[in-house]
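Every value quoted in this text rests on a predicted model; they were computed, and no experiment measured them.
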Amino acid sequence: MGEPAAEVSWPRGDPTQHCCWSWLATCLALARGETRYEKFLRQHVDYPRTAAPDARTYCNQMMQRRGMTSPVCKFTNTFIHDSTASITTICGSGGTPAGGNQRDSKASFALTTCRLQGGSQRPPCNYNGGTSTQRIRIACDGGLPVHYNGAI
């Protein structure tokens, strides 16, 4: 058997420390290799929604914190603001087949979609954001979400 996962104690209070811990956790995950499910969670799940004064600030902070601005800026990304349990149900009774390993959610989800502004994908990255509540299409593997295909 492999080594047990190290326990991480998340700081409370100081947002700067929380940001540093989040960044460190992302780097460690990238360094040891992520499963497709772990990558899906890192790139697409933010629950409860991280507080920000507006969608633009939210996108600029979250895209950087979640490792999607280096070495190049990811063009577009959607964050789902619901629990992993709720999202995972789409791979079973909470979703309907949509061809191949794709599933359409029966329920609607709160979403924030971040889109890169400007013509270059080179940092610094500047995003605009939009919020919506929609049904989603995801790809599943082994009963777990592994790819966000879009809102439907």
Query raised in the report: With a 4.5 Å limit on heavy-atom distance, are the side chains of R49 and T131 in contact?
Result: yes
Report task. Report the distance from atom CD1 of I138 to atom CG of L144, rounding to the nearest 0.5 Å. Result -> 9.5 Å
Query raised in the report: Same cluster or not: are V146 and I87 linked, directly or through other Ile, Leu, Val, Met, Phe, Trp or Tyr residues, by side-chain heavy atoms under 4.5 angstrom apart?
Result: no
Report summary line: Scanning both residues in full, the closest heavy-atom pair of Y47 with D82 reads CB-O, 3.1 Å
Query raised in the report: For A107 and R135, which heavy atoms make the closest approach, and how far apart are they?
Result: O-CG, 3.5 Å
Report task. With the side chain counted from C-beta on, respond yes when F79 and M63 share a heavy-atom pair under 4.5 Å apart, and no when they do not. Result -> yes
Query raised in the report: Do T113 and T78 meet the criterion of a side-chain donor-acceptor pair at a distance under 3.5 Å?
Result: yes
**Report entry** Short side-chain to backbone donor-acceptor contact, S105 and I136, under 3.5 Å
**Finding:** yes
Requested in this report: Answer yes if the ring centres of F109 and H44 are under 6.0 angstrom apart, and no otherwise.
Outcome: no
Query raised in the report: Between atom CZ of F75 and atom SG of C125, what is the distance when rounded to the nearest 0.5 Å?
Result: 12.5 Å
Query raised in the report: Closest approach of A55 and G129, non-hydrogen atoms and distance?
Result: CB-O, 3.5 Å
Report task. Could you tell me whether the side chain of F40 reaches within less than 4.5 Å of the side chain of I80, counting heavy atoms only? Result -> yes
Query raised in the report: Of the non-hydrogen atoms in T133 and A110, which two are nearest, and what is the gap between them?
Result: OG1-CA, 4.2 Å
**Report entry** Expected output: side-chain R56 to main-chain N126 donor-acceptor under 3.5 Å
**Finding:** no
**Report entry** NZ/K74: more than 12 non-hydrogen atoms of other groups inside 6.0 Å
**Finding:** yes
Query raised in the report: In terms of hydrophobic clusters joined by side-chain contacts under 4.5 Å, are V45 and M62 together?
Result: no
**Report entry** Side-chain donor-acceptor pair present, N77, Y127, cut-off under 3.5 Å
**Finding:** no
Report summary line: For C73 and P124 the tightest heavy-atom approach is SG-C, 4.3 Å
**Report entry** I152 with L111, same ILVMFWY side-chain cluster at under 4.5 Å
**Finding:** no
Query raised in the report: Would you call T50 and R65 a side-chain contact if the rule is heavy atoms closer than 4.5 Å?
Result: yes
Report task. Write down the atom of T69, the atom of P123, and the distance for their closest heavy-atom approach. Result -> O-CG, 3.2 Å
Requested in this report: Would you indicate whether the side-chain heavy atoms of C59 and T112 approach each other to under 4.5 Å?
Outcome: yes
Query raised in the report: Will you find, in the side chains of Q117 and N128, an N or O donor that is under 3.5 Å from an N or O acceptor?
Result: yes
Query raised in the report: Between R36 and H147, is there a donor-acceptor pair closer than 3.5 Å when you use the side chain of the first and the backbone of the second?
Result: no
Query raised in the report: In terms of hydrophobic clustering (I, L, V, M, F, W, Y; side-chain heavy atoms under 4.5 Å; direct or indirect links), are I90 and L41 co-clustered?
Result: yes
Query raised in the report: How many angstroms lie between CG in N149 and CZ in R103, if you round to the nearest 0.5 Å?
Result: 13.0 Å
Requested in this report: Please tell me if the side chains of Y58 and D46 come closer than 4.5 Å, counting only heavy atoms from C-beta onward.
Outcome: yes
Query raised in the report: Would you say H81 and P48 make side-chain contact, with heavy atoms under 4.5 Å?
Result: no
Query raised in the report: What's the spacing between D54 CG and N60 CG if we round to 0.5 Å?
Result: 9.0 Å
